[in-house]
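For ligands, and for the atoms within them, numbers begin at 1 and follow the listed sequence.
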Amino acid sequence: MKVEVVIPAYNEGTIIKETTLAIAHVLERVPDLDWKITIADNGSTDGTKEVIKKMDNPRIMVYTASRRGKGLALREAFKQSDATIVGFFDADLSVDPKALPETLETIHAGKADVVIGSRFHPESHVDRGTYRSGSSRFFNFLARMIVGVRYADTQCGYKFMNRKGIELFSQNREDSWFFDLEFLVRGERQGIRIHEVPVDWIESRYPERKSKLHPFKDGVDAVIAMFRIRFAQ
Ligand SMILES: Nc1nc2c(ncn2[C@@H]2O[C@H](COP(=O)(O)OP(=O)(O)O)[C@@H](O)[C@H]2O)c(=O)[nH]1
Ligand SMILES: [Mg+2]
C-alpha cells in the first residue's frame, strides 16, 4: 500500500515539525506501508518550508502551491501524487493520528472510496469550545438546508481517499475553505462511497496557535459558497 499524507500549511513554522513527526510515528508502525508526507505550503513567510527541509527525511517533502487557499494547495498536491491512498491532515493536529491505520485499512479493503473524520460521530471524543462547536453545527445545518449534503461534519480536517476519490478531488473548483463541502456534494452525486468515522479531536493542541479562520468574513463567504456549490454542475 502506497500512502501519501498531505498537510496543508500556511505559516505553521512553529508547529509543523511536531505535527509531521507525530503522523510519521503512526505511519512507521503500519506494516508493509510505503508512506510519504507532503507539506502543501503556499507562500508561508515564517520559514515553514525551511523547517521541513531541515528535517532532511526523504519521506517528508514540501510541495509549493501556486496560489493561496487550503483547497487549492491540496488539489495541486493530490494531483502530483502517485500513491494509491492520499489524504490530508490539518497542521494543528486537532485530529489524533491514531485514527490512521484503521482509515487506511478501510480504504485498502475496498469498504469505502473516501473516509472522512466527523466530530459529531457518537464515538468521537471532542475537546472544543462552545462557540466553535456551535458555529460548526450551524455551518453543517445550513449546508444540509442549502446544499442538501447529508454528512454530519463536512469540514473536519481529516479526509482520506483511493484513486477514485483523488479523481473526484481533481474536479474541485473551490480554492478556499469550502472545498470539502464541494467535494462531498460532488461525491454524493457521483455515487462515491464516503464513510464518516469517529475522531479524537482537540481544538487547541498547540495553545499558542491561532486559527486561520476569520469567523465573520469566512462565515459570510460560507453562505455564498453554499449557493455557488449548490448550483455548480
Ligand atoms: N496551504 C495552505 N494551507 C492553509 C491555508 N489556509 C489555511 N491552511 C491550513 O489549513 C489548516 C486548517 O487551518 P485552521 O487554522 O486549523 O482552521 P480551523 O481548524 O478551521 O480553525 C491548517 O493546516 C492551515 O495551515 C492556505 O491558504 N494555504
Ligand atoms: Mg484547526
Side-chain angles (χ1 to χ4, degrees), residues 4-23 37-52 60-81 86-97 99 116-120 124 126-140 142-143 153-160 169 172-183 199-222 225:
E4 183 161 347
V5 177
V6 180
I7 308 177
Y10 182 68
N11 286 344
E12 304 283 14
T14 56
I15 62 168
I16 197 68
K17 185 174 175 185
E18 199 175 325
T19 292
T20 305
L21 288 175
I23 297 171
I37 299 177
T38 298
I39 316 304
D41 176 29
N42 41 0
S44 291
T45 50
D46 72 339
T48 297
K49 205 186 280 190
E50 289 70 23
V51 171
I52 297 301
I60 303 173
M61 348 244 169
V62 174
Y63 173 77
T64 305
S66 57
R67 279 179 285 124
R68 267 301 300 278
K70 181 183 176 186
L72 176 106
L74 289 175
R75 194 164 75 237
E76 288 189 0
F78 282 22
K79 202 168 172 190
Q80 50 92 54
S81 176
V86 174
F88 71 89
F89 215 108
D90 279 355
D92 54 3
L93 206 63
S94 287
V95 171
D96 192 319
I116 64 172
S118 170
R119 291 159 291 191
F120 302 120
S124 291
V126 177
D127 174 354
R128 212 175 183 205
T130 326
Y131 175 73
R132 271 313 289 262
S133 186
S135 45
S136 169
R137 273 181 200 280
F138 188 56
F139 179 97
N140 284 291
L142 284 182
D153 187 4
T154 63
Q155 300 310 109
C156 184
Y158 179 81
K159 294 183 172 68
F160 282 78
F169 207 97
N172 251 26
R173 281 181 237 149
E174 293 290 326
D175 290 344
S176 181
W177 295 107
F178 314 110
F179 71 91
D180 316 56
L181 181 59
E182 180 193 11
F183 172 71
V199 287
D200 281 3
W201 177 275
I202 298 180
E203 185 85 27
S204 303
R205 199 180 293 272
Y206 299 104
E208 307 291 297
R209 179 187 176 274
K210 283 211 165 56
S211 168
K212 315 274 176 215
L213 199 76
H214 304 99
F216 183 74
K217 184 194 167 290
D218 292 325
V220 173
D221 284 353

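- Counting protein heavy atoms only, atom 10 (O) of ligand 1 is closest to Lys70 CD, 3.3 Å.
- Between Thr38 and Glu4, some side-chain heavy-atom pair lies under the 4.5 Å cut-off.
- The protein non-hydrogen atom at the shortest distance from atom 21 (O) of ligand 1 is Ser211 OG, 2.5 Å.
- Counting atoms of ligand 1 from 1 in the listed order, those under 4.0 Å from a heavy atom of Trp177 are 7 (C), 12 (C), 13 (O), 17 (O).
- Summarising the contacts of atom 26 (C) of ligand 1 with Arg209, Arg68, Gln155, the nearest heavy atom is found in Arg68.
- Those atoms of ligand 1 that come under 4.0 Å of a heavy atom in Ala9, given as number and element, are 1 (N), 2 (C), 3 (N), 25 (O).
- Defined by atom type and a distance below 3.5 Å, a donor-acceptor pair is missing between the side-chain atoms of Ser94 and Tyr158.
- Counting atoms of ligand 1 from 1 in the listed order, those under 4.0 Å from a heavy atom of Glu12 are 22 (C), 23 (O), 24 (C), 25 (O).
- Annotation for ligand 1: atoms under 4.0 Å from non-hydrogen atoms of Ala91 are 22 (C), 23 (O).
- Residues Arg68 and Ser176 bring no donor and acceptor atom of their side chains to less than 3.5 Å of each other.
- Of all protein heavy atoms, the one closest to atom 16 (O) of ligand 1 is Asp92 OD2, 2.8 Å.
- Counted within 6.0 Å of NZ on Lys212, heavy atoms from surrounding residues, nucleotides or ligands total more than 12; the atom is thus considered enclosed.
- When distances from the Mg ion (ligand 2) to the N, O or S atoms of Asp92 are compared, OD2 comes out shortest.
- Using a 4.0 Å cut-off to heavy atoms of Ala40, the atoms of ligand 1 that qualify are 1 (N).
- Donor-acceptor pairing under 3.5 Å is lacking for the side chains of Thr14 and Glu208.
- Summarising the contacts of atom 2 (C) of ligand 1 with Asp90, Ile39, Asn42, the nearest heavy atom is found in Asn42.
- Between Phe179 and Phe88, the distance from one ring center to the other falls under 6.0 angstrom.
- In terms of protein heavy-atom proximity, atom 5 (C) of ligand 1 is nearest to Tyr10 CB, 3.6 Å.
- Residues Gly13 and Val51 come closest through the heavy atom pair O-CG2, 3.8 Å.
- Lys212 N, 2.6 Å is the protein heavy atom nearest to atom 15 (O) of ligand 1.
- A 4.5 Å side-chain heavy-atom check between Val199 and Ser118 finds every atom pair outside the cut-off.
- The protein heavy-atom contact nearest to atom 20 (O) of ligand 1 is Arg132 NH2, 3.1 Å.
- Interface of Ala73 with ligand 1, defined as ligand atoms under 4.0 Å from a residue heavy atom, comprises 1 (N).
- Considering Gln80, Lys49, Glu76 as possible partners of Tyr63, the one that fulfils the side-chain hydrogen bond (donor to acceptor under 3.5 Å, both in side chains) test is Glu76.
- Those atoms of ligand 1 that come under 4.0 Å of a heavy atom in Gly69, given as number and element, are 26 (C), 27 (O), 28 (N).
- Ion pairing of Lys70 with Asp175 is absent here, as no side-chain N (NZ or NE/NH1/NH2) approaches a carboxylate O to less than 4.0 Å.
- In terms of protein heavy-atom proximity, atom 23 (O) of ligand 1 is closest to Pro8 O, 2.7 Å.
- One distance of note links CG of Asp153 with CZ of Arg119; it measures 4.0 Å at 0.5 Å rounding.
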